[in-house]
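Computed over heavy atoms, backbone and side chain alike; hydrogens, waters and symmetry mates excluded.
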Amino acid sequence: MKHDETKNKKVVTRFAPSPTGFMHVGGVRTALYAWLYARKHGGTFILRIEDTDKEREVEGSIGHIMEALKWLGIKWDEGPDIGGPNAPYLQSERLDSYRKYAQMLIDKGLAYADPYTEEELDVFRKKAEDEKRPFLYRDHRPENTPTWDGTQPLRLKIENPDLTKWHDLVRGDLSAGPEALDDFVLIKSDGYPTYNFAHIIDDLEMGVTHIMRADEFISSTPKFLALYEALSIEQPHIATLPPIMAPDGKKKLGKRDGAKDTLDYRNEGYLPEAMMNFLAFIGWNPGGEQEIYSKDELIKAFEIEKIHVSGGKFNEEKLKWFNKEYIKKMHVDDQFDYIKKFLPEDFKNAPYYEDTTLAKITHIIVDRITHFGEVGEMAKAGELEYFFKDPNVDSEMLVWKKLKDEKDGLEKTKKYLGEAIEILEQINIEDWTEDEIKHCLMEIAGKYGNGEVLWPIRVALSGREKSPDPFSLASILGKEKTIARIKKVI
């Protein structure tokens, strides 16, 4: 049965990352799905930062998270930078809220101060290990607990641990046994709440209706449900997303498998539209043959029911394919801007470098790349320099392979090049087009052979075994440079 809670309540989703530095594509996909669902139903998408683990926090991470989302085109309706009716959106600035709800639980007799030291807890754990049974804090719950003053951890009291059942919008009906529940810490001795407590309060106060999260949270769900019950609050809908797997499909994608920070893909010249389309399809598919979806099409097509249970592989070759398709759809002016941006600065100091020349070869570059970072690789490999500086030509390379074994192969090549100059010189400047150049050169090629004539012209113009055809090269270089280069190799 299709899930639809939009009739009675406005949809509110959120993305709540921790500012620990690395912006994994799995986190970005979680944000994407939550954003798509909110947009599809005319709801609210919230960005909230869970910064209560100060030991792991990395300076600058909050800005980094926002930059990654903005690059992809994921805009939030409420968040740390723009505020909103539920501000503040940094957990470290919401401590009063957590204390308020903590006191509610204390007043109900459902939370208590933890009097034990770490050393005492270690003794309890060791005893349980020796007796080959799981360590459960509730087995050592003190009879008389001190008044909580904020200096000790505050724990939730699990009064009736039992079989926990819940429904997941992706996984269906799930359950966990009594061993999954134990008295867990709500607020640490440093005054900061644990994730298990803080996100429940934040979601409650911000009116979150749908939570999309990674599968590692399934084991903690009984704790979350216990808190919902203890606070007598309505449980939001939960959708557990499939993991993003390494290319071999055997484990979750990690740094050792080539996982990169999301903004690394931007720096390598991937397009945000391509990355959004690619990420959407890792673990979700609307059905049908269509693969290229605009942002608006993704919003219209997105349904939780079509999220997969099993993990999807991160296939970088597929990402390149998506990116290539989006590059081809770009306006030529935008292609040029990207190419110029990724062209090494020192390359622009070449003797004949001009933006007009770069514009002329934009289509050639676009045909040969899958992402714009490859522009820099092409430049460093010398695959573009012949457009902007005279090449050094190897005379042996000039001779077509069929002529290499002939004693007069070099002389024949010089003869063909000489005739090429004669016919090229007859073309008026205003008629110097790729089609006209091809028409003239094919006359000579018809007499002596395509390879015998066209190969040495191409090598003379580029100095390379692999380059565009001689007609394209000549039209881009212009009449003067074309004839000068051919004369030089003769």
Side-chain angles (χ1 to χ4, degrees), residues 3-19 23-51 61-91 93-94 168-170 195 198-214 217 234-241 244 262-263 272-273 275-284 286 293-307:
H3 166 70
D4 186 2
E5 292 291 331
T6 63
K7 294 178 182 178
N8 302 318
K9 186 181 289 188
K10 181 181 179 181
V11 168
V12 179
T13 66
R14 47 76 164 173
F15 178 52
S18 298
M23 191 59 171
H24 193 279
V25 291
V28 173
R29 188 197 59 177
T30 299
L32 174 60
Y33 284 8
W35 176 80
L36 287 172
Y37 192 73
R39 288 292 173 268
K40 181 182 178 76
H41 294 287
T44 298
F45 174 66
I46 298 171
L47 174 63
R48 188 173 75 221
I49 304 298
E50 299 187 341
D51 63 337
S61 290
I62 296 175
H64 186 83
I65 290 166
M66 293 182 180
E67 189 177 354
L69 296 178
K70 287 177 180 177
W71 172 64
L72 279 168
I74 298 174
K75 296 181 180 179
W76 46 96
D77 305 300
E78 302 175 24
D81 57 331
I82 60 174
N86 302 295
Y89 295 92
L90 297 178
Q91 282 189 338
E93 297 176 1
R94 299 178 60 82
D168 187 290
L169 298 181
V170 175
Y195 169 81
H199 87 274
I200 298 288
I201 304 308
D202 293 339
D203 288 341
L204 169 64
E205 294 198 333
M206 296 180 186
V208 172
T209 60
H210 293 74
I211 299 171
M212 298 193 190
R213 55 164 55 115
F217 290 100
E234 183 181 351
Q235 173 197 329
H237 298 281
I238 298 171
T240 299
L241 307 183
I244 295 181
T262 301
L263 288 178
E273 302 89 346
M275 178 60 81
M276 176 180 280
N277 198 157
F278 169 70
L279 285 177
F281 273 74
I282 304 181
W284 169 83
Y293 278 72
S294 68
K295 186 186 296 186
D296 288 342
E297 287 174 325
L298 284 173
I299 291 171
K300 185 177 180 180
F302 188 77
E303 293 176 359
I304 289 179
E305 291 76 17
K306 293 182 178 178
I307 295 175

[Y] and [X], any side-chain heavy atoms less than 4.5 Å apart:
X: L69; Y: F15; answer: yes
X: D77; Y: R39; answer: yes
X: I62; Y: L90; answer: yes
X: L72; Y: L32; answer: no
X: K40; Y: E303; answer: yes
X: W76; Y: M66; answer: yes
X: W71; Y: T262; answer: yes
X: R14; Y: N86; answer: no

Between K10 and T209, does the side-chain contact (heavy atoms from CB on, under 4.5 Å) criterion hold? Intermediate values first, please.
CA-CA 8 Å; K10 181 181 179 181; T209 60; over 6 Å; no
[atom1] of [X] to [atom2] of [Y]: how many Å apart, nearest 0.5 Å?
X: I238; Y: L169; atom1: CD1; atom2: CG; value: 8.5 Å
X: R94; Y: I201; atom1: CZ; atom2: CD1; value: 9.5 Å
X: K295; Y: I74; atom1: NZ; atom2: CD1; value: 8.5 Å
X: H64; Y: E67; atom1: NE2; atom2: CD; value: 7.0 Å
X: D203; Y: H210; atom1: CG; atom2: NE2; value: 12.5 Å

What is the minimum heavy-atom distance between [X] and [Y], and which atoms define it?
X: L36; Y: I299; value: CD2-CG1, 3.7 Å
X: A68; Y: L263; value: CA-CD2, 3.6 Å
X: P19; Y: I65; value: CA-CD1, 4.1 Å
X: A38; Y: V11; value: CA-CG1, 4.2 Å
X: A198; Y: Q91; value: CB-NE2, 3.5 Å
X: L47; Y: P17; value: CD1-CD, 4.0 Å

Please lay out, stage by stage, how Y89 and M206 fare under the test side-chain contact (heavy atoms from CB on, under 4.5 Å).
CA-CA 10 Å; Y89 295 92; M206 296 180 186; 3.7 Å; yes
Name the one of T30, I282, I304 that satisfies side chain to side chain contact (heavy atoms under 4.5 Å, CB included) with L241?
T30
Let me see the working for W35 and L298 under side-chain contact (heavy atoms from CB on, under 4.5 Å), right down to the final yes or no.
CA-CA 11 Å; W35 176 80; L298 284 173; over 6 Å; no
Applying ring-ring contact (aromatic ring centres under 6.0 Å, His included), can you list everything that pairs with Y293, at least two apart in sequence or on another chain?
F281
Does F278 have any ring-ring contact (aromatic ring centres under 6.0 Å, His included) partners at least two apart in sequence or in another chain, and if so, which?
F314
According to the interplanar angle, ranging from 0 to 90°, do the rings of F302 and Y37 count as parallel (below 30°), tilted (30 to 60°) or perpendicular (above 60°)?
perpendicular
Give a yes or no on whether the backbone of G43 and the side-chain of H41 come within a donor-acceptor separation of less than 3.5 Å.
no
Using the test salt bridge (Lys or Arg N to Asp or Glu O under 4.0 Å), find all partners of R213 that sit at least two apart in sequence or belong to another chain.
none
Side-chain H-bond candidate by donor/acceptor type, Y195 with E50, under 3.5 Å:
no
Start with the C-alpha distance between H199 and R48, add both sets of side-chain angles, then the distance that settles side-chain contact (heavy atoms from CB on, under 4.5 Å), and finish with yes or no.
CA-CA 10 Å; H199 87 274; R48 188 173 75 221; 3.9 Å; yes
